[in-house]
A.B. asks: 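I have a structure I would like to understand better, so I am pasting it below and will then ask my questions one at a time.
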There are 2 protein chains.
Amino acid sequence: MKETSTADFDKIDLKILRALQSDGRLTNADLAQRVNVSAATCHRRTQRLFDEGYITGVRAEVAPAAVGLGALVMVGVVLDRSTPESFAAFEGAAMELKEVLDCNLVAGDFDYLLKIRVRDMADFNKLHGEKLIALPGVRQTRTFFVMKEVKESARLPF
Amino acid sequence: MKETSTADFDKIDLKILRALQSDGRLTNADLAQRVNVSAATCHRRTQRLFDEGYITGVRAEVAPAAVGLGALVMVGVVLDRSTPESFAAFEGAAMELKEVLDCNLVAGDFDYLLKIRVRDMADFNKLHGEKLIALPGVRQTRTFFVMKEVKESARLPF
DNA sequence: GAGACAATGAAAGAAACTTCCACAGCAGAT
DNA sequence: ATCTGCTGTGGAAGTTTCTTTCATTGTCTC
């Protein structure tokens, strides 16, 4: 199981992955043409990429501001204790918070780094005071308000 | 221009946005059924959401490990000077680095927070030594290796 | 070469897309 | 109250696309 190295994709598979990463709603016919292969083959290839889990999903990206989520905030979290139970409890609770878009266990000055979307600063203050610092085992948080989203969710560079 | 508040969506629009956020490849027919509206209406609504920019794109999510990008790293960056030129130069250069998936200007201990994907630690070391610290105006960087991706790119909570 | 195997493209019935059209609901003016 | 314009709706129909089947091609091994 070589998880960290490229799976056995040929040039066609890679082209399909790249094309669908750019436009997930490409029709099979268009995709086939772009990849220089018949529709039938393209269909089979694409199906395989989905079935075998190389494509984990296709999502429409909704403009955050349009749905009242204009504010992006990063939060570093330090826990009280570094026990497996402590980590598990925090992770479980963080999973439940819908405002938490990403949650990563990291090595460095923090235990976790969270990416959070809310309507505005007032909303974040409320979330911070009522929910974040109340998450299990939280000793300290450090907030980084995002003032400008320079680059956001770029495509995977492969 | 009320950028931070919810645009004028009715319940149907919101349902469409949510459905496509979960599965961007839903056929118009399925979407129409799920939203309880005729195919024609659903098609028109969806088209509008794309045309008016409320859906900024539809992307297939490719399993990072499958394409040799198993390592995720967050990097905090502090610049030498806080001049507009300095920021612009850094942002321009960061945009060019394909390994940099996200780049955000933040308020707090750092000037920028970067999200980076590479094959492994060795790859990151190379990137860090050859490219990151060479970005224009960088005084200091702080690296956070992600040891566990607890939650990744969750859907927008609206 | 011969045989086994995997992958391919053409074809065709089924499904979906996308446009056109007539109609319903609603607001404002008369 | 009625008219009028406007917006949004669903049915229908022609066109496109999907998805399966099948015969064929190319490759590898012996």
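Lettering follows sequence order; numbering is per chain, from 1.
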A.B. asks: Ion pair present between A:Arg142 and A:Asp109, side-chain N to carboxylate O less than 4.0 angstrom?
C.D. replies: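 Looking at A:Asp109 together with A:Arg142, the answer is no, because their closest N to O distance does not fall below 4.0 Å.
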A.B. asks: Contact between B:Asp30 and B:Arg34 at the side-chain level, heavy atoms closer than 4.5 Å - yes or no?
C.D. replies: no
A.B. asks: Are A:Tyr112 and A:Val106 co-members of a hydrophobic cluster defined by side-chain heavy atoms under 4.5 Å apart?
C.D. replies: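 Shared cluster, no.
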A.B. asks: With a 4.0 angstrom cut-off to heavy atoms of chain B, pull out the first and last contacting nucleotide of DNA chain D, in 5'-to-3' order.
C.D. replies: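 Range of nucleotides touched by chain B: D:dT9 to D:dG11.
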A.B. asks: Do any side-chain nitrogens or oxygens of A:Thr41 fall under 4.0 Å of OP1 or OP2 in C:dG9?
C.D. replies: yes
A.B. asks: Does a side-chain heavy-atom distance below 4.5 Å link A:Arg139 with A:Leu79?
C.D. replies: no
A.B. asks: Report yes if the side chains of B:Leu135 and B:Leu97 come closer than 4.5 Å at any heavy-atom pair, otherwise no.
C.D. replies: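 Yes. Closest side-chain heavy atoms under 4.5 Å.
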A.B. asks: List in chain and number order the residues that pass side chain to side chain donor-acceptor pair (under 3.5 Å) with A:Arg25, two or more places apart in sequence or in another chain; answer none if no residue qualifies.
C.D. replies: none
A.B. asks: Do B:His128 and B:Ile133 make a side-chain contact, defined as non-hydrogen atoms from C-beta onward lying under 4.5 Å apart?
C.D. replies: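 A side-chain contact under 4.5 Å exists here.
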A.B. asks: State, to the nearest 10°, the angle formed by the axis through the first five base pairs of the helix from C:dG1-D:dC30 to C:dT30-D:dA1 and the axis through its last five.
C.D. replies: 30°
A.B. asks: Linking I/L/V/M/F/W/Y whenever their side-chain heavy atoms sit closer than 4.5 Å, directly or via other members, would B:Val37 and B:Leu17 fall into one cluster?
C.D. replies: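 The answer is yes; both residues are in one hydrophobic cluster.
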A.B. asks: Parallel, tilted or perpendicular: which fits the ring planes of A:Phe144 and B:Phe110, with parallel below 30° and perpendicular above 60°?
C.D. replies: parallel
A.B. asks: For B:Asp51, enumerate each residue passing the salt bridge (charged side-chain N to carboxylate O under 4.0 Å, His left out) test, keeping only those at least two apart in sequence or located in another chain.
C.D. replies: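 Once residues adjacent in sequence are excluded, B:Asp51 has no partner under the salt bridge (charged side-chain N to carboxylate O under 4.0 Å, His left out) criterion.
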A.B. asks: Expressed as a whole number of angstroms, how long is the span from A:Arg48:CZ to C:dA6:P?
C.D. replies: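 Taking CZ of A:Arg48 and P of C:dA6, I get 14 Å after rounding.
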A.B. asks: Classify every nucleotide of nucleotides 19-27 of chain C by which part a protein heavy atom approaches to under 4.0 Å, writing B for the base, S for the sugar-phosphate alone and - for neither, in 5'-to-3' order.
C.D. replies: B--------
A.B. asks: Would you mind checking if B:Asp13 and B:Arg48 are paired as a salt bridge, meaning a charged N to carboxylate O distance below 4.0 Å?
C.D. replies: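 Salt bridge flag = yes for B:Asp13 with B:Arg48.
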A.B. asks: Assess whether a salt bridge exists between B:Arg59 and A:Glu152, defined as any Lys/Arg side-chain N lying under 4.0 Å from an Asp/Glu carboxylate O.
C.D. replies: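 So B:Arg59 does not pair with A:Glu152 through a salt bridge.
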A.B. asks: When you measure from every atom of DNA chain D, which of residues 16-31 of chain A have a heavy atom less than 4.0 Å away?
C.D. replies: A:Thr27, A:Asn28, A:Ala29
A.B. asks: Mind checking whether A:Val100 and B:Leu156 sit in one hydrophobic cluster, side chains of I, L, V, M, F, W, Y counted as touching below 4.5 Å?
C.D. replies: no
